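Let me begin by presenting the structure, written as structure tokens, before commenting on it.
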Amino acid sequence: MQLATIKQIFRDPSAFTGATVELRGWIRTVRTSSKGFGFIELNDGSFFKNLQIVFDNELPNFDEVGKLTIASSLVVRGQVVESPGAGQAVELKASAIEIVGVAGSDNPVQKKRQTFEFLRTKAHLRPRTNTFSAVFRLRSYVAFAIHRFFQEQGFIYVHTPIITGSDAEGAGEMFRVSTLDPVNPPRTEDGAVDWSQDFFGRETSLTVSGQLEVETYCAAYSKVYTFGPTFRAENSNTARHVSEFWMIEPEIAFGDLKQDSELAEAMLKRVIADVLNELPEEMEFFNRFIDEGLKERLELVRDSEFKRITYTEAIELLQQSGKSFEFKPEWGKDLQTEHERYLVDELFKTPVFVTDYPKDFKAFYMRLNDDQKTVAAMDLLVPGVGEIIGGSQREERLDVLERRIAEMGLNPDDYWWYLDVRRYGAVPMAGFGLGFERLIMYLTGMKNIRDVIPFPRTPKSAEF
RNA sequence: UCCGGAGUAGCUCAGCUGGUUAGAGCAACUGACUGUUAAUCAGUGGGUCGGGGGUUCGAGUCCCUCCUCCGGAGCCA
């Protein structure tokens, strides 16, 4: 008797045929006959597919087993045999079924089509459904694939802080971290809240990006990346934004924007290839039921060069498009969602790097180009999702960086440690931020970011 | 935050210009049947009509208000 997973059996059915195994899992469906036999589809989470269990009235608990409800948990022992039925190559002929936990018949997850909106309200139960089981197995796998990609290339994984004392990251509204009594906080003489009495002796927040911190490690290890949760207290209500999300932020020293985009392209292609190779059942499911044409699209992206255009070229293409946009494309104004959608969904139909944006609406740390008007920034737009990566070459020239900080009305004192990196052995540096959930959306075809993170946090919503 | 839409059975929805006891399909349950596989067939139970307030003889239906969800926009990843 060996303990087996359903994945092991499906991956190598001939090796298991004839073997006696023990499986542990949950019932997806059960069909019984009064003739004295029945079928259970068992899932143990190891694999997308269920294994069919055949049982008959030689089991002492046959009647009890036949009345089991969906989601009830079992330990099943029996022999793996070739299946006479059409739906599967092998099945398990049960010699014993131990009922571990019986699920109540009021289980909200039912054997019927259920909307993603409804299942979102049952976030604790939805991983038991086909779609979410596939999404979150893929999510786990992609996290691993990303680590593997960077580790193979000698990148050092840096754990940048979740709680940050830096209010200078500039990437969005922050969540305050405090242990002060919200009803009666200590106050200074002029009546303001006295943060010096707070836990850390200063105002602290949840990080919106590990970039500034990871750059300091880049200046020691050459190639680094972060991969962790980030938090934005923006009142964003869209299918592409959550308040808590995971971000991958690589940073390369002695690197420019070109190398940065090449790194992003190689990483995406590698992850796509890995997912297609190693999760074929999940990808087939997404392709059939979630997003028709997904596989073909990903295969094309895996095998083709990403497009590269400058912001200035993008504006020209939009102006020449003959399309009537709600917002007229104009140099000096940021690209609107409708503009990005046109470029990526209609014109190119493949991932596009847009580079060299006007400095006025980009962050202070992005490297000023020789034209003095644009910065060495890039966004990667992908079909169906839009912006998935934002990156830039960093301003390594101390005097230019200080001038940019002043220009944007920021306080240079907040950046003393960031500026130190430029003072002591500055090098050209570049990096990008990849939204992990957006990557999962792109790989699965799922349309709402709330359905690719286990317990989504959005404005007015933090159940579970 | 702005614009638009929606909250009626466990789920997805119907319910007309306000009018008896609020409907269907699916799911669940009970039974029949079947090497079944989104099984099939028959039967049964299941509702504070999102919350609060108002108009009316009478409100699921009309008005006000709040809440939540969905789609789009902005912010971004």
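Letters A, B, ... are given to chains in the order of the sequence lines, protein chains preceding strands, and every chain is numbered from 1. From a predicted model like this one, the values you see are computed outputs, not experimental measurements.
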Q) Got a donor-acceptor pair under 3.5 Å from the side chain of A:S105 to the base of B:C29? A) no

Q: Using the P atoms only, state how far B:C13 lies from B:A9, rounded to an integer number of Å.
A: 11 Å

Q: Using atom CG of A:N50 as one end and atom P of B:U37 as the other, report the distance to the nearest whole Å.
A: 15 Å

Q.
Measuring to OP1 and OP2 of B:U37, would you say a side-chain N or O of A:R31 lies under 4.0 angstrom away?
A. no

Q: Respond yes when some side-chain nitrogen or oxygen of A:T337 is under 4.0 Å from OP1 or OP2 of B:G74, and no when none is.
A: yes

Q) Below 3.5 Å, does any donor atom in the side chain of A:R240 face an acceptor in the base of B:A77, or the other way round? A) no

**Q.** Ionic contact status for A:R394 with A:E215, cut-off 4.0 Å
**A.** yes

Q: With a 3.5 angstrom cut-off on both distances, give the Watson-Crick or G-U wobble partner of B:G46, or none if there isn't one.
A: none

Q. Mapping A:E117 and A:F327 to their closest nucleotides on RNA chain B, which lands nearer the 5' end?
A. A:E117

Q. Taking the same atom, C1', in B:C11 and in B:C57, what whole-Å distance lies between them?
A. 38 Å

Q. B:U37 phosphate, OP1 or OP2: any side-chain N/O from A:R28 under 4.0 angstrom?
A. no

(Q) Would A:K307 and A:F348 count as a cation-pi pair here, with the cationic atom under 6.0 angstrom from the ring centre and within 45° of the axis? (A) no

Q. Are any of A:S236's side-chain N or O atoms less than 4.0 Å away from OP1 or OP2 of B:C75?
A. no

Q. Of the nucleotides B:A77, B:U37, B:C29, which one has an atom closest to the side chain of A:T69?
A. B:C29

Q) Does the side chain of A:K111 get closer than 4.0 angstrom to OP1 or OP2 of B:A39 through an N or O atom? A) yes

Q | Presence of donor-acceptor pair under 3.5 Å, side chain of A:E91 and base of B:G35 | A | yes

Q: For A:G390, answer base if it contacts any base atom (sugar-phosphate contacts may also be present), sugar-phosphate if it contacts only those atoms, and nothing otherwise; contact means non-hydrogen atoms under 4.0 Å.
A: sugar-phosphate

Q.
I'd like to know if the side chain of A:R232 pairs up with that of A:T230 as donor and acceptor (distance under 3.5 Å, no hydrogens or angles considered).
A. no

Q. Is a side-chain donor-acceptor pair under 3.5 Å present for A:E251 with A:Y221?
A. no

Q: Would you state whether a donor and an acceptor, one from the side chain of A:R120 and one from the base of B:C70, lie under 3.5 Å apart?
A: no

Q.
Give me the distance, rounded to whole Å, that separates B:U55 from B:C64 when you measure between the P atoms they each carry.
A. 15 Å

Q.
Is A:F436 stacked against the base of B:A77, taking the criterion as centroid distance under 5.5 angstrom and interplanar angle under 30°?
A. no

Q.
Could you tell me how far apart A:F55 (CZ) and B:U36 (P) are, to the nearest whole angstrom?
A. 15 Å

Q | Test applied, ring pair (Phe, Tyr, Trp, His ring centres under 6.0 Å); reference residue, A:F436; option that passes from A:F245, A:Y442, A:F227 | A | A:F227

Q) Between the base of B:U12 and the side chain of A:Q114, is there a donor-acceptor distance below 3.5 Å? A) no

Q: Could you give the distance separating B:A27 and B:A38 at their P atoms, to the nearest angstrom?
A: 13 Å

Q: Indicate, with a heavy-atom threshold strictly under 4.0 Å, whether A:G433 touches base, sugar-phosphate, or nothing.
A: sugar-phosphate

Q. Between A:Q336 and B:G74, does any side-chain N or O lie under 4.0 Å from OP1 or OP2?
A. yes

Q | Whole-Å gap separating P (B:G74) and CZ (A:F325) | A | 13 Å

Q) Using atom P of each nucleotide, how far apart are B:A6 and B:G45 to the nearest Å? A) 34 Å

Q) Which is true for A:N235 with a 4.0 Å heavy-atom rule: it touches a base, it touches only sugar-phosphate, or it touches nothing? A) base

Q: Determine the interatomic distance between C1' on B:C49 and the same-named atom on B:A22; round to the nearest Å.
A: 8 Å

(Q) Under 3.5 Å, is there any donor-acceptor pair linking the side chain of A:Q110 to the base of B:U12? (A) no

Q) Has the side chain of A:N237 got a donor or acceptor that lies under 3.5 Å from a partner of the other kind on the base of B:U1? A) yes

Q. Should B:A24 form a Watson-Crick or G-U wobble pair with both distances under 3.5 Å, which nucleotide is its partner?
A. B:U12

